[in-house]
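Here is the structure we will look at.
One-based numbering, in listed order, for ligands and for the atoms of each. Counting begins at 1 with the first residue of the sequence. Heavy atoms only: backbone and side chains are in, while hydrogens, waters and symmetry mates are out.
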Amino acid sequence: METFTGSFTQQEPIPEASVEAALRILRHGRLHRYNTVPGEIAETALLEEEFAAFTGAKYCLAVASGGYALGCALRALGIEPGDRVLTNAFTLAPVPGAIAALGGVPVFVETTEALTIDFDDLVRKAPDAKALLLSHMRGHICDMDRLMQVCAAAGLPVIEDCAHTMGAAWRGTPSGRHGVIGCYSTQTYKHMNSGEGGLLVSDDEGLMARAIVLSGSYMLYDRHRAAPPPEAFEDVKYATPNVSGRMDNLRAAILRPQLADLPRQCARWNELYRVVETGLDGTPGLNLIPRPKAESYVASSFQFLLPDWPEAKIRALLTRAARRGVELKWFGAPEPRGFTSRHDSWRYAPRQDLPETDRILTGLIDMRLPLTFTPDDAALIARIIRAEVSAVFQGEGKGTEALPAAD
Ligand SMILES: *Cc1c(COP(=O)(O)O)cnc(C)c1O
């Protein structure tokens with residue numbers, strides 16, 4: 001019986017060019033983004049210029065984390081305590097967390113079988129809301145043409161959470177460029193790794209001026225390069241609170257070589273994804289997530305559905321796969337574990353009735369695909385999952401229920 005011995009949480013080492021850049025910063029000691037010598041351009045400002053160019057945005061701001069980017073975007077948009085902000089019911093905790101941190105009320109929108117936002121529920125909930133914080137959760141992108149039409153008709157500004165779609169696109173437009181602001185994360189488990197870090201992009205002068213002052217620019221905003229002209233800050237600089245959350249030059253230096261290499265990395269993720277997808281195709285009892293033609297995804301993780309499986313069988317599958325070294329995560333688990341939690345465990349948000357999302361999450365299995373895996377690893381993982389899903393699925397009435405529950 002084959003087993004897998006790799007680690008689902010081990011990312012690649014930081015590239016040598018990043019290590020060298022980091023050492024240069026450490027040796028001169030000017031880590032703060034506004035600490036420069038005459039003629040020097042801060043690494044942070046250069047990263048912002050390069051990321052703006054990468055996404056085709058006019059403006060970019062580098063910040064301390066992806067979660068900070070979301071909060072900063074909502075504040076820049078003028079979200080105030082008591083405002084209702086729509087977001088995906090299927091997302092990660094920092095998304096409703098960013099809304100709640102501002103005193104806003106997270107209102108969850110139902111999920112489709114494609115793991116994207118449900119347009120009918122969005123239309124129903126739009127009238128009372130101030131904004132949509134759209135989460136491209138696990139890299140699945142909804143029909144962005146239709147989404148922007150629906151939100152324009154409802155007068156709803158869109159902020160995009162692109163923590164899982166850095167480098168992805170919808171019909172050729174980079175993810176994060178449909179809404180008024182796009183937010184990205186450079187935390188270790190995302191598409192670039194600076195430990196912690198975040199980026200915001202926008203074409204809106206007023207929004208970006210506010211975001212820059214919010215991030216803690218003091219009166220040094222003219223040191224930013226991918227930024228609106230100084231006139232845009234005239235009123236903003238007095239009225240906008242400083243909520244310090246800047247990125248530093250060390251992290252920016254680590255990220256710049258990674259950004260240059262990002263298209264190659266994205267292609268490597270997608271190769272692993274396609275190997276797993278091919279390996280699981282046609283497995284009885286298992287549904288793959290269809291990927292629309294217009295979507296250029298960056299699949300740094302893999303999801304599949306076990307529709308209508310009883311909980312005992314899902315737990316049996318998780319246990320059996322784990323014994324063979326395959327670490328599967330289950331969004332249907334009643335108790336939150338590790339990074340995985342569900343809308344009903346975010347008790348800072350009012351409790352909401354989301355029967356479709358609950359039904360889908362009950363059968364949703366999730367797995368990371370770090371770039372330390374080879375295509376052969378991906379093929380082995382798919383063989384193990386296929387064998388175990390088949391065994392448990394067909395094991396009805398053959399004592400499957402007696403298998404130990406996952407811890
Ligand atoms: C990681 C993540 C974030 C926040 O990023 P951090 O940099 O960890 O704060 C936001 N949304 C989603 C979907 C994420 O996975």
Side-chain angles (χ1 to χ4, degrees), residues 8-9 11 47 51 60-75 85-102 104 106 108-109 111 115-117 131-142 158-168 175-176 179 181-201 211 214-215 243-248 251-252 254-255 258-259 269 289 297-303 329 331 336-343 345-346 348-349 357 361 364 366-370:
F8 283 79
T9 51
Q11 304 294 60
L47 172 69
F51 197 73
C60 175
L61 172 67
V63 294
S65 74
Y68 183 91
L70 298 176
C72 183
L74 290 166
R75 258 201 191 90
V85 178
L86 303 182
T87 192
N88 304 55
F90 173 48
T91 185
L92 233 57
V95 179
I99 300 168
L102 283 170
F108 300 116
V109 182
T111 314
L115 307 184
T116 55
I117 198 160
L132 168 64
L133 179 47
L134 177 70
S135 187
H136 303 296
M137 179 64 172
R138 289 294 185 261
H140 297 275
I141 304 178
C142 70
V158 179
I159 296 171
E160 291 181 74
D161 165 28
C162 305
H164 303 164
T165 54
M166 184 188 280
S175 185
I181 302 182
C183 301
Y184 307 79
S185 168
T186 61
Q187 186 238 75
T188 293
Y189 296 109
K190 312 299 162 87
H191 298 173
M192 298 198 290
N193 178 7
S194 61
E196 304 286 354
L199 294 155
L200 277 92
V201 299
L214 280 167
S215 78
V243 188
S244 277
R246 294 169 301 272
M247 183 181 279
D248 57 81
R251 291 191 225 175
I254 290 171
L255 289 170
Q258 293 182 54
L259 179 57
W269 264 305
I289 312 295
Y297 54 79
V298 180
S300 50
S301 65
F302 197 97
Q303 292 73 42
K329 289 182 279 178
F331 274 97
R337 280 188 69 180
F339 289 106
T340 310
S341 64
R342 205 171 58 181
H343 67 86
S345 53
W346 306 327
Y348 42 83
T357 299
L361 295 189
L364 179 60
D366 177 44
M367 169 174 80
R368 283 207 176 97
L369 290 176

**Request:** Go through ligand 1 atom by atom and flag the ones less than 4.0 Å from a non-hydrogen atom of G66.
**Result:** 4 (C), 5 (O), 6 (P), 7 (O), 9 (O)

**Non-hydrogen atoms of T165 and G139 that approach each other most closely** = CG2-CA, 3.7 Å

**Item:** Distance-only N or O hit between ligand 1 and D161, under 3.5 Å
**Value:** yes

**Nearest protein heavy atom with distance in Å, relative to atom 8 (O) of ligand 1** = Q187 NE2, 2.8 Å

**Fill in**
Looking only at heavy atoms, the pair that brings L361 and F90 closest together is CD2-CD1, 3.6 Å

**Asked** Considering only heavy atoms of H164, which atoms of ligand 1 have at least one such atom less than 4.0 Å away?
**Response** 13 (C), 14 (C), 15 (O)

**Request:** Could I get the full list of side-chain hydrogen bond (donor to acceptor under 3.5 Å, both in side chains) partners for T87, not counting sequence neighbours?
**Result:** none

**Request:** Looking only at non-hydrogen atoms, find the nearest pair between L115 and H140 and report the distance.
**Result:** CD1-NE2, 3.8 Å

**Prompt:** Quick one: which ligand 1 atoms are inside 4.0 Å of a heavy atom on K190?
**Reply:** 1 (C), 2 (C), 3 (C), 5 (O), 14 (C), 15 (O)

**Message:** I'd like to check which ligand 1 atoms, numbered from 1 as shown, lie under 4.0 Å from a non-hydrogen atom of S185.
**Reply:** 5 (O), 6 (P), 7 (O)

**Item:** Residue pair T188 / Q11: nearest heavy atoms and the distance that separates them
**Value:** O-NE2, 2.9 Å

**Request:** May I ask you to list the atoms of ligand 1 that are less than 4.0 angstrom from any heavy atom of V95?
**Result:** 11 (N)

**Message:** Between ligand 1 and T91, is the shortest N or O to N or O distance under 3.5 Å?
**Reply:** no

**Heavy-atom pair of closest approach, residues Y68 and S215** = OH-CA, 3.3 Å

**Prompt:** Got a second to check how far M166's CE is from T186's OG1, nearest 0.5 Å?
**Reply:** 6.5 Å

**Request:** Can you sort out which atoms of ligand 1 are near P94, meaning under 4.0 Å from one of its heavy atoms?
**Result:** 3 (C), 4 (C), 10 (C)

**Request:** Distance to 0.1 Å, residue and atom name: give those for the protein heavy atom nearest to atom 9 (O) of ligand 1.
**Result:** G67 N, 2.7 Å

